[in-house]
Amino acid sequence: MNKIFEVPLYAYEASPDQSAPAPVHHKVIVVGAGPVGLAAAIDLAQQGVEVLVLDDNDKVSFGSRAICFAKRPLEILDRLGCGQPMVDKGVLWNKGKVFFDERQVYEFDLQPDSGDQRPAFINLQQYYFEQFLVDRVRELQAQGAPIEIRGRNKVEAVGTHPDHVKLEVETPEGSYTIEADWVIACDGAGSPMRAMMGKDFVGRVFEDNFLIADVIMEADFPSERWFWFDPPFNKGQSALLHKQPDGVWRIDLQLGWDIDKEREKRPENVIPRLKAMLGEDVNFELEWVSIYTFQCRRMEQFRHGRVIFAGDSAHQVSPFGARGANSGVQDTDNLCWKLKLVIDGKAPESLLDSYDQERIHGADENILNSTRSTDFITPKSQMSRILRDAVLDLSEHYDFARPMVNSGRLSVPCVYDGSSLNSADALNGPSQTRPGASCPDAPLGDDFLLPKLAGRFTLLTIDADAPDEIEVDGITVKRLALSVKDDPTLTLKRRYLGDATGAVYLIRPDQHVAARRDTYEENAFRHAVRRATGKE
């Protein structure tokens, strides 16, 4: 077993808050030190917001858990200062193969177009992901950033008030009470915070179970995603194979609904299944085994006054498609710049309602795609299975059938179409950069576009004139002036101009497009800034 599971990364230490005569007040408290909670805390701390992270554990997660991290979250992690270590450690992949029985029916490439700094996906065990985030927390602390993480501090009760939240926290040395202006609940799918507030999920639980096995072995499989429908080693079911760092391979095997979960997790039952897949002569060691049930559910609202839910505590999707942790990181990316503006008095508190609007839209999109994947992977009737198998047969020979194959639509960033923060589109430009979309990357000589758009409102001009800076209600918007000549690959033109000769974009701090026009019109962009900050 990897020793990383045994090492406390934020060991318990008594805090002055525990002996204070009255509850100590904090600006923001994040409950949960998983990937989503740590990402939120780092984002806020980088903006100078005082943040405290509480977790009932003091170590990284046991087992690899989430392993597939998509390009968009990696771009967000670059802004948080910890993307490169994850890419360096992770297994980079863009390609996948789909098998039906013993036949490969086709393969795909998730990033056929160059022009992005980050790969389509990396595979990285969640425990490494969390470790790199904790390392970043320590870096920020050394730089004097207002961030603290407390291990073995378990929230036992929550009290909500119009102007603050009160938490009762249990520690090895007893309980204490603290307060916060805002609480972000990132305490996972089983969210005690959600239960304590009497909230629940709505959605579906699917009648199927999957075995996850992390296997340590030497194998010559390429760094690709391999998915099998009805393989000979798991007849009538499905299977998935992914490569991870350190010689660890993730194997998912569909088991069906009516099973004894504890019995199926025993090594004497897992090992024969793996040998049937890998071969009797393959030597391997089990690192971690779990069983999961497909669930596609979410809270009806993510914001409840001054308590805001993010990640698995707010929504759950089935794992095929890598939408869980990836969407959770995008939750915090959406939330933290808005919370910073509200805390600084530069935006009304109602701006936080747009977090609900936009991320529920994202969750519903994920749930829809995940539900469709589940229905395709696990047909619920004989007729559905016949249709599914016919599509697989056709996909071996005909391109038109391949988009109909659904082995898990892989995570892509959500476009906030219809968001109240968007201005009407005033550029006859590419659809992928319409208002609400996250900005795609583009090469700029020895650099890339996205790092130049990080963490603030930006007026991006491409072969167009505009002021170097505008100020709207205390919010400074700085210009980034580019030309298609800056990118000989023409990726910038293709992704941002299309047939237009010039363009002006208003980019939000989370790198989503708020507005775009073919020329700069001051009144229009001032209104766009106000709209993007919840004032119109």
Test side-chain hydrogen bond (donor to acceptor under 3.5 Å, both in side chains) on Tyr176 and Thr171; report intermediate values, then the result. CA-CA 8 Å; Tyr176 67 104; Thr171 77; over 6 Å; no

Nearest heavy atoms of Gly305 and Trp182, plus distance in Å: O-CZ3, 3.8 Å

Can you check side-chain hydrogen bond (donor to acceptor under 3.5 Å, both in side chains) on Arg194 and Ser313, steps first, answer last? CA-CA 7 Å; Arg194 192 177 63 239; Ser313 68; 5.6 Å; no

Could you verify whether a donor N or O on one side chain and an acceptor N or O on the other, from Ser175 and Glu156, lie under 3.5 Å apart? no

Before you tell me yes or no, could you show the steps for Arg250 and Asp214 under salt bridge (Lys or Arg N to Asp or Glu O under 4.0 Å), namely the whole-Å CA-CA distance, both residues' side-chain angles and the distance that decides it to 0.1 Å? CA-CA 5 Å; Arg250 160 66 59 81; Asp214 278 355; 3.0 Å; yes

Verdict with supporting geometry, Thr433 and Arg516, side-chain hydrogen bond (donor to acceptor under 3.5 Å, both in side chains): CA-CA 9 Å; Thr433 45; Arg516 64 179 186 175; 3.2 Å; yes

I'd like to know if the side chain of Gln141 and the backbone of Ile147 have a donor-acceptor N/O pair within less than 3.5 Å. yes

Decide yes or no on side chain to side chain contact (heavy atoms under 4.5 Å, CB included) for Phe525 and Leu459, but give the supporting numbers first. CA-CA 9 Å; Phe525 278 99; Leu459 203 62; 3.8 Å; yes

Output yes when Lys154 and Glu170 qualify as a salt bridge under the 4.0 Å nitrogen-oxygen rule, no when they do not. no

Scan Ser327, Ser438, Pro440, Pro73 and name whichever one has a side-chain contact (heavy atoms from CB on, under 4.5 Å) with Pro413. Ser438

Does a side chain donor of either Gln330 or Asn334 reach within less than 3.5 Å of an acceptor in the other side chain? no

Is there a side-chain contact between Val202 and Arg297 (heavy atoms, below 4.5 Å)? no

Report all side-chain donor-acceptor pairs from residues 346-353 shorter than 3.5 Å, counting only partners two or more places apart or in another chain.
| from | atom 1 | to | atom 2 | distance (Å) |
| --- | --- | --- | --- | --- |
| Lys346 | NZ | Gly474 | O | 3.3 |
| Glu349 | OE2 | Arg303 | NH2 | 2.7 |
| Asp353 | OD1 | Arg303 | NH1 | 2.8 |

Can you classify the ring geometry of His512 versus Tyr416 as parallel (below 30°), tilted (30 to 60°) or perpendicular (above 60°)? parallel

Exactly one of Glu173, Arg150, Arg152 clears side chain to side chain donor-acceptor pair (under 3.5 Å) with Tyr12, and that residue is Glu173

Where do Thr332 and Asp43 land on the side-chain hydrogen bond (donor to acceptor under 3.5 Å, both in side chains) test, with the steps shown first? CA-CA 8 Å; Thr332 65; Asp43 200 343; 5.3 Å; no

Looking at Glu358 and Arg508, is there a salt bridge between them, counting it only when a charged N and a carboxylate O are closer than 4.0 Å? yes

